[in-house]
Amino acid sequence: MITSHEFVERLKSMKPNCYMHGQLLKRDDPRMMVSMKDILMTFDVASDPQYKDLATATSHLSGKTINRFTHVHQTVDDLLKKQRMTRELSRLSGTCIQRCMGIDMINGLSIITKEADDKNGGKTEYHERFKAFLKDFQDKDKVGAAAQTDVKGDRVLRPHEQADPDLYMRVVERNAKGVVVRGCKVHTTVGPYCDELVVTPCRSLTKDEGDWSICFSIPADTPGVHMLIEAANPTPRKAFPAEMEKHGIAHSVTIFDNVLVPWDRVFLDNDPQLGSRAALLFALYHRHSYTGCKPAYTDILMGTTALIAEVSGIEKQQHYRHKLAEMISVAELVFASGIASAYTATKASSGTMIPDVIFCNVGRKHAGVNIYHEYDILCDICGGQPQTMPYEEEYADPKWRAYLDKYFMRKADVDPETVHRAFRLAQDILAGPVTSNMQIAGVHGGGSPIMEDIAIFANYPIEDKKNIARRLAGIPQKDTKQK
Ligand code: SF4
C-alpha cells in the first residue's frame, strides 16, 4: 500500500491531458486537490487504527494486505465490509468518496474475464491477463475510474445503427499490438486524478455489436486520451473553517481519439453477450456500493436537520419528528438492502462474490426515489436562511458580526457561533456548489432509474407471484421455479 502523499507524487509524474476553463490542468492543481480529497482519505484510513479493519483486505492473489478499494470480494464478509466502509467514509467526506468506481469495475471484470475463457474453451487468456493486471493494481495501490457511460446519440437507435458509430465506444482496428478504440465516455468521476481508466460497455449489445463489446484498462495519460474537466468544489470559508469546505468532486468527459490498447490490457473483445454482462455487473456492484454511501448521505442530511431543529428549539415538535422518522427509514432500509444482498450473494466461477440483484436494485431505487424528498425535509426545517444568509466576509468583520450574533440568535442557551455554523452547513448542503452534483448523482449515479427497473424486472420471479394469485383465484398454476 502507498500513502496519500505518494499517490499525489505519482499523479504529478503523469502527462498532462486534462483541460478546465480553457487551461491545460496540472493533476495537482489546487482545485483538483480539493476534488480529490476523498481519494486521498482512502489511502490515509488504510493505516488508521480506527478504520483499517474496514479499509484493508487480504489479496486472494498475493496474500498481501491491500487497500480494500483494490480488492475483489471473495466472501460475504468482504461485501459487508465494503458496504460498511463506504458508509463510514462517506460520512467523513460529506460528499462522494469516488474510489468505489474502480473497485466496482474490477469486480465485474474479474467475473467476465473468467466466463469468457470458460466459454471459449481455454482459447482466450482474458482471465490470466486480468489477474496480472489486478496484481499490479493491488501492489501499487492504484485508483481506477469507471469509464462506462457512452454519449449514446439518438436514444432509440442501437450502437451499430447510429449515424456516427463512435457515439458508443468501439474498436476501429485490431493489429499485432492491440486494439485501437474510438469514442467518448462521459461522467467519468475521478478521471482527472485516477491512475487507470477502466472501460466497459454501458448497455446490452446484440450480435451485430462485436466491435462495441470491448473491455480494457489503460493509464489515464495514454496518448490519444483527452479529458475535459468539471469540478464541483465547496465555497472556501473565511469566518467558519470546517471539514465541509475541504471535499469536492470532479468528473471528466473522456475522449478516446484512436487510442491503442495493448493486448495485455484487453479484457474482452468481440463478445456482445459478455460485453452486456460487464455493463450490468458494474452497475450491480456500484448499486451495492450505493447501499453504503446513500445511507451515509441521509445520515448527513438528517444530522443537519436534527441540528437545525435543536438550535431552533423545535426538537419536540411532532411535525419535525415525523420528518426525521422518514429519513431514518430511508437510510436504514437502503442499508438493510445492501446487507441482504451480501448475505444472499452467489459465487461466480472466478470466485468473486456477486451481490443479489433484486436486493441491490430495490435499495438503490428506494434511495433515488427519496433523495429530493430528503432535501425537501431539510429545507422545510431550515426555513429560508440557508439561501439568504450574508457572505462569510460579513461574519468575519467584527462590526457586522455583533449584529449577526444578536439577530441570528435562536434558543437563548445556544451560542450564536453554533447557530451560524449549523446554518452554513445547511447552506453548503442545500445551496452550495456541490448541491446539484449530489442531487443528480442521487438520481442517476450507477445508472438511471429506468435501468434499476429493467434490472428488477429482468430478475424478479413475477410468474411465481402470478401463481400465488392463480391459486387464490382457483386458476391452475403454471410450473415455475420459486425464488
Ligand atoms: Fe462511491 Fe457513492 Fe460516490 Fe458512487 S456515489 S463513487 S458509490 S460514494
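Just so it is clear, the values below take in all heavy atoms, side chains as well, and ignore hydrogens, waters and symmetry mates. The chain is numbered in sequence order, starting from 1. Counting convention: from 1, in listed order, for ligands and their atoms alike.
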Check: Any N/O/S atom of Cys96 sitting less than 2.8 Å from atom 1 (Fe) of ligand 1, backbone or side chain?
Finding: no
Notebook entry, point to check: Nearest to atom 2 (Fe) of ligand 1, what protein heavy atom do you find, and at what distance?
Noted result: Cys293 SG, 2.3 Å
Checklist line | Residue and atom name of the nearest protein heavy atom (relative to atom 1 (Fe) of ligand 1), distance in Å to one decimal | finding: Cys100 SG, 2.2 Å
Check: What is the distance from atom SG of Cys18 to atom CD1 of Ile229, rounded to the nearest 0.5 Å?
Finding: 4.0 Å
Next item on the list: Decide, counting backbone as well as side-chain atoms, whether His286 has an N, O or S atom less than 2.8 Å from atom 4 (Fe) of ligand 1.
Entry: yes
Item checked: Within-4.5 Å side-chain heavy-atom neighbours: Asp380 and Lys323 -> yes
Next item on the list: Quick one: sort the Tyr290 and His286 rings into parallel, tilted or perpendicular, breaks at 30° and 60°.
Entry: perpendicular
Notebook entry, point to check: Is a side-chain donor or acceptor of Asn361 paired with a backbone partner of Val357 at a separation under 3.5 angstrom?
Noted result: yes
